[in-house]
Structure formats: C-alpha cells, structure tokens
Number of protein chains: 2
Amino acid sequence: MSHTLGIRQVQKRKTRQAFLDAALALLEEQSLSSLGLREVTRAVGVAPTAFYRHFRSTADLGVALVDEALGSLHPMVRTTVSTTGDSEERITGAIELIARHVGAYPAHVRFIARERHGGVQPVREAIREQLARFAEEVKAELAKDPEAAGWNDDDLLMLAHLYVDQMLITASLFLEALEAPEDERERVTQLAIRQLRLISIGRSHWLD
Amino acid sequence: MSHTLGIRQVQKRKTRQAFLDAALALLEEQSLSSLGLREVTRAVGVAPTAFYRHFRSTADLGVALVDEALGSLHPMVRTTVSTTGDSEERITGAIELIARHVGAYPAHVRFIARERHGGVQPVREAIREQLARFAEEVKAELAKDPEAAGWNDDDLLMLAHLYVDQMLITASLFLEALEAPEDERERVTQLAIRQLRLISIGRSHWLD
DNA sequence: TCATCCAGTTAACAACTGTTCTCTGGAATT
DNA sequence: AATTCCAGAGAACAGTTGTTAACTGGATGA
C-alpha cells in the first residue's frame, strides 16, 4: 500500500512548499490581500507563470496556508483539553503549550490572527470552519468531564467557543511579546492564566 | 471663544472627510495594506496629488480612521459599564448596545476587527492604544462597584481586558450575522449573553 | 525505444502604482 | 488694492501588476 512518488511529483511538492514558505515569510509585514503573485514567485526564484501550476490565485494559496497552519493542530487541542489532573495544572499546561507553539511557529500564528478578519473572503471562511471544528472538538472533550453533568449542548458549545477565542487572544498576546524581554512574556502568561481561571470558576458555578 | 473657520478650512475638512469615507467603503472588501492612494482619490473624484495635502500615506489615513472609529466611543463604554441595576439587565443592555452600534457603523467595526492584527504597524499600534484606554476605563468603573471589594489592581485590569476582548468578539459575530436572517442574529445575541453571564459568575466567585 | 505529458520558461500585453515638479485661481492677509 | 498663501490640477517618471500564448526538455508510460 506504500505509494512511492515519482521524481516529478516530488519536485512539484517541493516547489509548492517553497511557495507556501515564501508567502508566509512575506506575510509577516503585510496582509494577504496585498500579496502579489509576482512577489511570491520572485521570492521563490521562479517564473511568474509557474505560480498557476500550483494555485489558481493568491486567495487559493491563502486557503492552503490555513490548512497548513491549523490542520495539524486538532490532535494537540484534543489531548490538551482532555488531560487529566488538577484544574490549575490543566490551565498552566494549556497556556504553556500555547506559548511553546507561538515560539515554534510564529508566522503561522500571525497569519491566522491577521487573516481571520482579513480582506479575503475564502480565507476567512476557511479559518472560520477550522475554528468551528476546534470548538466542536473541545465541546466533545468537555462533555466527558464529570463537571459537565447537567449541562446542555448549547451551553457546552458556548463554553467551548469561549475557550477557543481565549486561546487565540492568548496566542496573539504571546506573538506581540515574542521579541520583548522575558518578564513581559511572564506578565502575559500570568494574565492568561488568571483569565482562564476566572472562566473556569464561572464554569464550576454555572448551574448554581 | 467660538472659533469660526474660514471657507478654506471648511472645504479642506470636507475633502478630508470624503477621503475617510471613501477609504472606509473601499476597505469593506480588502485590507489597508492593499489600499492604494490612487484608488482612494479616484473614489473621491480628485487628483492623486491632492491626497498628500491631507495624509502622508495610506497608513496615516488608517490611523485617522482608527480615531474616527474608536475615539468617540469612550463615553459610551463608560456609561454602559457603570449603569446601575441587576447584573442580568446590565448584560443584556451591553449586548444590545453592541448590536445597535454594529448595525449603525458596520464599516467602522469591520475596519477595527480587520486592522487590529492587520499588516500596517502604525495602525495596529493605534488600535492597541485605544483598546488599552478602554480597558483602563472599564477597570476604573469596575473599581467603583461594591463587588470589587478585595480585588487588587492587576486582577481588575485582567477582568477589564476580558470584557473588552469579549466586546470585540461579539461585535465581530454581529457583523458576520448582519445580512443573515433575524434568527441567526438572535442566536448570536443569546450566545453573547451566556458568555458574559459565565464571566460574571466567575467574577462573583473570584475571591472564594 | 518512442510518443505523451507537464512543471517551469520566455515574451509580450495593457493597466496600474507612488511620487516629483510645476502651475493655477480663489481665499486670506496686509 | 496689492500681496501672499495653499488646496487641488496636470503631466510625466520609472516600476509594478495579473494574465495570455507559445515554447522547452526531462520524466513517464506504452
């Protein structure tokens, strides 16, 4: 069942990845709606027309970037939410995971934060879908927790969305603090932890 | 102390406002970093060079738009937070106010949501400053509430930021639901109310 | 071995961009 | 009444943009 790719397909994949990498780099200081096709091909070191062998448009490339940035993140979210242990441990664990991820893939995080409300409709839509999937997955994990007894589906999804949004806000804060001194990042960490803690408290008294 | 403006200054202000209006309209389907100077002057019906009489660059225009969109909003936020009454009444009141504002100034709201993490640094900075001011003001109002007894300054500011971010998330959801049928907007309203309610519950048990 | 395929190239297109310098005509100042 | 000021116009600049068509040459499959 192994699927050995020919030289041709391997080369094509490599070029395609070069497009994604170059675009992501260029998008650190501009939005997708101002990203030019020629700009990307120039950065890759390839003729402008080669672009069309891989993408219909820059919007199409943007959608591919959304998949790259968020597609592989679902398992991580699931395991993070479902981790057993003290509520406080889970909070600090989640925040540290976010901090680590932002440190490892800052350009991806920046891209998602920027284009979530950006000027390119298909990309906004793709991000919206992925975040909705995250919320559904978080909801499914929350439902397993004994604390979810008595909660209805709507309220669980409401809480899940709160967590997902909070995750993005925190990621964006870490991104801004990336180049800042260590104590600024520590400040962000403490802020994020307390916000999550307050939500957690609200959660545990929801049915009072 | 009345300051009557001459014909010249009145006309200049009018043209400047025309630039802001035209730009805001063009920004409904693109980001500021792709907004061209000529594009704006064409929409206003004026020569490209006239732009420089009012703004140094499109980034400069963007900063002016931030002030227009958020500058006049501070009194509204203050009075909303400080409104007396049942906690539940204050929540529904705040959400309805947001819904009304989004309905009245959708382009402004879209602009802020889009450029908060957008590709133009001075504009991001201007938005960040305004939101920080909002948080400080919300914090000041929260501090007056008897429920704030025993809270330290850091925690009050943490809560204030949570409210401000939640305000933006809600506004963005209303924006997406603007053209949608009435029941979708009602769904958003109910979601926002419950999220605010959960935060409010967390707040009241924070010191337990 | 030979015909087919197809990722990437080359050349050309009309249209667009930001910015400069020079000019104009009516408002503002003296 | 004479002078200064200045918002906007006009023309020109060198570069840029997306998209088309026709091509090349090495990998692929018969």
Side-chain angles (χ1 to χ4, degrees), chain A residues 2-23 25-65 115 118-123, chain B residues 2-23 25-65 115 118-123:
Chain A
S2 89
H3 198 75
T4 327
L5 305 192
I7 298 178
R8 223 170 186 173
Q9 308 200 35
V10 169
Q11 179 55 38
K12 183 168 185 183
R13 286 206 182 195
K14 200 185 288 182
T15 311
R16 185 189 141 98
Q17 190 58 46
F19 274 124
L20 295 177
D21 294 347
L26 290 167
L27 286 171
E28 303 220 1
E29 26 194 39
Q30 66 181 313
S31 312
L32 184 62
S33 80
S34 64
L35 183 70
L37 164 168
R38 294 183 102 107
E39 199 179 353
V40 183
T41 58
R42 199 184 310 130
V44 173
V46 95
T49 47
F51 184 88
Y52 293 105
R53 299 285 175 199
H54 301 271
F55 308 100
R56 246 182 264 279
S57 60
T58 50
D60 193 21
L61 183 152
V63 172
L65 275 177
E115 300 304 329
V120 183
Q121 201 259 337
V123 172
Chain B
S2 88
H3 200 77
T4 326
L5 304 190
I7 298 179
R8 224 171 186 173
Q9 307 200 35
V10 168
Q11 178 55 36
K12 182 166 186 183
R13 287 204 181 195
K14 201 185 287 182
T15 309
R16 185 191 141 98
Q17 190 59 47
F19 275 124
L20 294 177
D21 294 347
L26 290 166
L27 286 172
E28 303 222 359
E29 26 194 38
Q30 64 180 313
S31 311
L32 183 63
S33 79
S34 64
L35 183 71
L37 164 167
R38 293 183 103 106
E39 199 180 352
V40 182
T41 58
R42 200 184 310 129
V44 173
V46 94
T49 47
F51 185 88
Y52 294 105
R53 299 285 176 197
H54 301 271
F55 308 100
R56 244 180 266 278
S57 61
T58 50
D60 193 22
L61 183 152
V63 172
L65 275 177
E115 301 304 330
V120 183
Q121 201 258 338
V123 172

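As the structure is a computational prediction, the values presented were derived from the model and not from experiment. Residue numbers begin at 1 in each chain, while the letters A, B, ... track the order of the sequences.
For the segment residues 55-64 of chain B, the set of residues with a heavy atom within less than 4.0 Å of an atom of DNA chain C is empty.
In this structure, B/Leu65 and B/Leu27 have side chains that are in contact, with non-hydrogen atoms separated by less than 4.5 Å.
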Atom pairs, N/O to N/O, protein against nucleotides 4-11 of chain D, distance under 3.5 Å?
residue : atom : partner : partner atom : Å
D/dC5   : O2   : B/Arg8  : NH1          : 3.2
D/dC5   : O2   : B/Arg8  : NH2          : 2.9
D/dC6   : O4'  : B/Arg8  : NH2          : 2.9
D/dC6   : O2   : B/Arg8  : NH2          : 2.8
D/dA7   : OP1  : B/Lys12 : NZ           : 3.4
D/dA7   : N7   : B/Arg53 : NE           : 3.4
D/dA7   : N7   : B/Arg53 : NH2          : 3.4
D/dG8   : OP1  : B/Thr15 : OG1          : 2.5
D/dG8   : OP2  : B/His54 : NE2          : 2.6
D/dG8   : N7   : B/Arg53 : NE           : 2.9
D/dG8   : N7   : B/Arg53 : NH2          : 3.2
D/dG8   : O6   : B/Arg53 : NH2          : 2.7
D/dA9   : OP2  : B/Ala47 : N            : 2.5
D/dA9   : N7   : B/Thr49 : OG1          : 3.1
D/dG10  : O6   : B/Thr49 : OG1          : 3.4

B/His54/B/Lys12 under side-chain contact (heavy atoms from CB on, under 4.5 Å): CA gap, chis, key distance, verdict: CA-CA 8 Å; B/His54 301 271; B/Lys12 182 166 186 183; 3.4 Å; yes
Check against side-chain contact (heavy atoms from CB on, under 4.5 Å), A/Arg53 and A/Arg16: CA-CA 9 Å; A/Arg53 299 285 175 199; A/Arg16 185 189 141 98; over 6 Å; no
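By the salt bridge (Lys or Arg N to Asp or Glu O under 4.0 Å) test, A/Glu28 pairs with A/Arg110, sequence neighbours left out. When the side chain to side chain contact (heavy atoms under 4.5 Å, CB included) test is applied to B/Ser57, the partners found at least two apart in sequence or on another chain are B/Ala59, B/Asp60. A/Gln11 meets the side chain to side chain contact (heavy atoms under 4.5 Å, CB included) test with A/Lys14, A/Thr15; sequence neighbours excluded. Considering only residues two or more places apart in sequence or on other chains, A/Phe55 meets the ring pair (Phe, Tyr, Trp, His ring centres under 6.0 Å) condition with A/Phe51. A search for side-chain hydrogen bond (donor to acceptor under 3.5 Å, both in side chains) contacts involving B/Asp21 returns B/Gln17, not counting sequence neighbours.
Using a 4.0 Å heavy-atom distance criterion, B/Phe51 is classed as making no nucleic acid contact.
Residue A/Arg42 contributes atom CZ, which lies 10 Å from atom C1' of D/dG15 at whole-angstrom precision. Across the protein-nucleic acid pair, A/Leu26 atom CG and D/dT16 atom P stand 15 Å apart, rounded to whole Å.
Taking all atoms of both residues into account, the shortest heavy-atom contact from A/Gly62 to A/Leu32 is CA-CD2, 3.8 Å. Of all non-hydrogen atoms in B/Ser31 and A/Gly119, the two that sit nearest each other are OG-N, 3.4 Å.
No donor-acceptor pair closer than 3.5 Å links the side chain of B/Ser33 to the backbone N or O of A/Ser34.
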Considering only distance and modelled atom types, tabulate donor-acceptor pairs under 3.5 Å from the side chains of residues 35-46 of chain B, sequence neighbours left out.
residue : atom : partner : partner atom : Å
B/Glu39 : OE1  : B/Gly36 : N            : 3.0
B/Glu39 : OE2  : B/Gln30 : NE2          : 2.7
B/Thr41 : OG1  : B/Leu37 : O            : 3.4
B/Thr41 : OG1  : B/Arg38 : O            : 2.9

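Bounding nucleotides for the chain A contact on DNA chain C, 5' to 3', at a heavy-atom distance below 4.0 Å, are C/dC5 to C/dA12.
In DNA chain C, runs of at least 3 stacked Watson-Crick or G-U pairs (N1-N3 plus N6-O4 or O6-N4, or N1-O2 plus O6-N3, all under 3.5 Å) give these stems: C:1-12 with D:19-30, C:14-17 with D:14-17, C:19-30 with D:1-12.
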